[in-house]
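Note sheet for the following structure.
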Amino acid sequence: MLDPRILESRRDEIVASCKSRRVDVDVDAAIAAHQRVTEIQTELNGLNQRRNEHQAGGKRKLDPAEREAHVAEGRQLKEEVAELEKRLAAERAALQPLMLAIPNFLHPDSPQGGEADFNELRRVGEPRKFDFQPLDHMALSGKLDLFDFEAGAKVSGQKWYFLKNEAVLLELALQRMAIDFVMEAGFAPFTTPDVARKEIVDGLAFSPRGSESQIYSIEGTDLDLIGTAEITLGGINADTLLDEADLPLRMSGVSHCFRTEAGSAGRESKGLYRVHQFTKVEMFAITRPEDSAAMHDEIVAVEERILQALEIPYRVIDIAAGDLGAPAYRKFDIEGWMPMRGDGGDYGELTSASNCTDYQARRLKTRFRRADVKKNEFVHTLNGTAIAVPRTIVAILENHQRSDGSVAIPAALQSYLGLERIGPR
RNA sequence: GGAGAGGUGGCCGAGCGGUUGAAGGCAGCGGUCUUGAAAACCGCCAGGGGUGCAAGCCCCUCGAGGGUUCGAAUCCCUCCCUCUCCGCCA
């Protein structure tokens, strides 16, 4: 959420951001609503002041007639206050949905446009030339018996799956390797709950309601299944005043992630690329405002080190405004080369790193105290993927397959997996 | 699931219905002392909001929401949450 007080002074910028993001919000209505809220607030403050003065006068000894008059006046004031409070609550309620609909500011370098209009920042690694006909990860699984979507569909539904055999080891090994990389970079590891209170989910600006919701809710409770450990890690410091000396805070979380994938039927839906549940190691950072841009780069650097270790060719892209989520000020995705994606191979999203500036912190009420300034400030929050297991498995299988149907395991992963290859069978 | 206890400032923890926005402690900040540091001692120090160039002034907040009262952190009701014990259980 933005600070409603800056709406007016940065109005044009916000309107432009909404347009770039293809978000339809009435910024002027929000400005007007906020004005009404402050007007009533001011009026209420004055009335409360009168009431307080009146009450102070009631402490004296009063004769019965005076007391009676005093009491009557007190009742009158009380009613007026109640009336104003009611109006204030109503105006606040009107402002709230408008504020929630307004996305974060936009980084000046974020490209305009939609999903296809990203800026490519760099490419690392050469897509491999195969001297045989490579298979996609589903076909490889057919040979190697690594996952079972039929059983997943039977037991849980479309896009649910079982990993089997070496794929299970791969899932565990990738997590373990990722944890080593993030710890090396100073991100303290956590396992997190796979559910969170709606209040926390809301605070991170994931909307669990509405038909396009990506979030599963647990009926009869106020809990949602998390879509990413960003939610639980961010929740840790909700409603907290941190010391400047504690920043930056680097955390990482191992969790399962659940996504309804509402509205994405048929979209890149082959196999493990888009599923309802997956395991992920996530980085989450809390910084001072002036440090968030550097932290963003730091997170991307960790992501790159991991992909380099896995010998997956990739490119880093700066996501266009129209493809950013509401909380993201700027987002860098890393797309890994997937030989069987599209027609003759293509890059597909493997990780994603966002700088959410103070957008999440404002709703979460995560602030910090500077050593020398009395005014407390909201922190900046950032998140990035260390490993999203299924997609990484896709990239490893497809990139490192061999003509005999086996898969070579990258050297850096071998000790974690305990294998130099999978198959052939 | 059953029984009980409790939710107060960055943290811990007091708090007869008006003098408590809140004792005390810790942490933090400033100072005295010290070659320096520690210790000791002295002082300052809740958060949010409105208004103002500013100093300041004002309002709100003791889990949330209602109620009683001229007046509630203190009394009543509802809800939420946390903890302890018992049961069940990986």
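What you are looking at is a predicted structure, and each value in this text was computed from that prediction instead of being measured. Throughout, protein chains are lettered first and strands after them, A, B, ... in sequence-line order, and every chain is numbered starting at 1.
- In this structure B:rA90 sits in no base pair that meets the Watson-Crick or G-U test at under 3.5 Å.
- Nucleotides B:rC44 and B:rG25 have their P atoms positioned 12 Å apart, rounded to a whole Å.
- For the P atoms, the distance from B:rC75 to B:rC62 is 14 Å, rounded to whole Å.
- As judged by a 4.0 angstrom heavy-atom cut-off over every strand, A:Arg5 is placed among residues touching the sugar-phosphate backbone only.
- When both pairing distances are held under 3.5 Å, B:rG36 makes no Watson-Crick or G-U pair with any nucleotide shown.
- Defined by atom type and a distance below 3.5 Å, a donor-acceptor pair is present between the side-chain atoms of A:Gln41 and A:Asn45.
- A:Arg305 has no carboxylate O lying under 4.0 Å from a charged side-chain N of A:Glu184, or vice versa, which leaves the two without a salt bridge.
- Phosphate contact (OP1/OP2 of B:rC60, side-chain N/O of A:Asn48, threshold under 4.0 Å): present.
- A:Ser292 and A:Asn355 form a side-chain donor-acceptor contact under 3.5 Å, judged by distance and modelled atom types alone.
- In this entry the distance linking CD of A:Glu80 with P of B:rC70 reads 16 Å, nearest Å.
- In this entry the distance linking CD of A:Glu199 with P of B:rG63 reads 16 Å, nearest Å.
- Remark: the separation of the C1' atoms in B:rG17 and B:rG13 is 23 Å, to the nearest Å.
- The interatomic distance linking A:Gln35 (CD) with B:rG49 (C1') rounds to 17 Å, in whole Å.
- For the C1' atoms, the distance from B:rA23 to B:rA14 is 6 Å, rounded to whole Å.
- Nucleic acid contact for A:Asp222: none, since no nucleic acid atom lies under 4.0 Å from a heavy atom of the residue.
- Side-chain nitrogen and oxygen atoms of A:Arg197 include at least one within less than 4.0 Å of the OP1 or OP2 phosphate oxygen of B:rU82.
- B:rC41 and B:rG52 have their P atoms separated by 46 Å, with the value rounded to a whole Å.
- Across the protein-nucleic acid pair, A:Arg51 atom CZ and B:rU69 atom P stand 13 Å apart, rounded to whole Å.
- Projected onto RNA chain B by closest heavy-atom contact, A:Asn45 and A:Phe378 fall at different nucleotides, the more 5' of which corresponds to A:Phe378.
- Applying the 4.0 Å criterion to OP1 and OP2 of B:rG49, one finds that A:Lys375 has a side-chain N or O inside that range.
- Between A:Arg51 and A:Glu85, no side-chain nitrogen of the basic residue sits less than 4.0 Å from a carboxylate oxygen of the acidic one, so the salt-bridge criterion is not met.
- Phosphate proximity of B:rA46 to A:Arg369: absent, as no side-chain N or O sits under 4.0 Å from OP1 or OP2.
- Comparing A:Asp3 and A:Gly46 by the nucleotide of RNA chain B that holds the closest heavy atom to each, the one mapping nearer the 5' end is A:Asp3.
- Using a cut-off of 4.0 Å between Lys/Arg side-chain N and Asp/Glu carboxylate O, A:Glu335 and A:Arg341 are scored as not salt-bridged.
- Contact check on A:Arg274 versus A:Glu261 returns a salt bridge, with a Lys/Arg side-chain nitrogen under 4.0 Å from an Asp/Glu carboxylate oxygen.
- A:Leu47 places its CG atom 13 Å from the C1' atom of B:rC58, with the value rounded to the nearest Å.
- Under the Watson-Crick or G-U wobble criterion, with both distances below 3.5 Å, B:rG7 is paired with B:rC80.
- A:Leu84 places its CG atom 20 Å from the P atom of B:rC58, with the value rounded to the nearest Å.
- Using a 4.0 Å heavy-atom criterion, one finds that A:Lys365 contacts no nucleic acid atom at all.
- For A:Lys78 and B:rG71, the shortest distance from a side-chain N or O to OP1 or OP2 is below 4.0 Å.
- Atom-to-atom distance recorded for A:Leu382:CG and A:Leu249:CG is 12.0 Å, nearest 0.5 angstrom.
- Here A:Lys198 pairs with A:Asp224 in a salt bridge; the nearest charged N to carboxylate O distance falls below 4.0 Å.
- Taking side-chain N and O atoms only, A:Arg367 has a distance below 4.0 Å to OP1 or OP2 of B:rG48.
- Spacing between atom CD of A:Gln41 and atom P of B:rC59 amounts to 12 Å, rounded to whole angstrom units.
- With both pairing distances under 3.5 Å, B:rG43 is matched to B:rC29 as a Watson-Crick or G-U wobble pair.
- Atom name C1', nucleotides B:rG43 and B:rU78: the rounded distance is 46 Å, in whole Å.
- Using a 4.0 Å cut-off, no side-chain N or O of A:Asn52 falls inside it from OP1 or OP2 of B:rC58.
- As a whole-Å value, the separation of A:Leu241 CG from B:rA27 C1' is 12 Å.
- Comparing the same atom, P, in B:rC77 and in B:rG9 gives a spacing of 24 Å after rounding to whole Å.
- Within 4.0 Å (heavy atoms only), A:Arg50 reaches no atom of the nucleic acid at all.
- Pair assignment for B:rG52 gives none, since no Watson-Crick or G-U wobble pairing has each distance under 3.5 Å.
- Checking B:rC70 for Watson-Crick or G-U wobble geometry (two distances, each under 3.5 Å) identifies B:rG18 as its partner.
- Distance check on atom P: B:rG1 versus B:rG50 gives 43 Å, rounded to whole Å.
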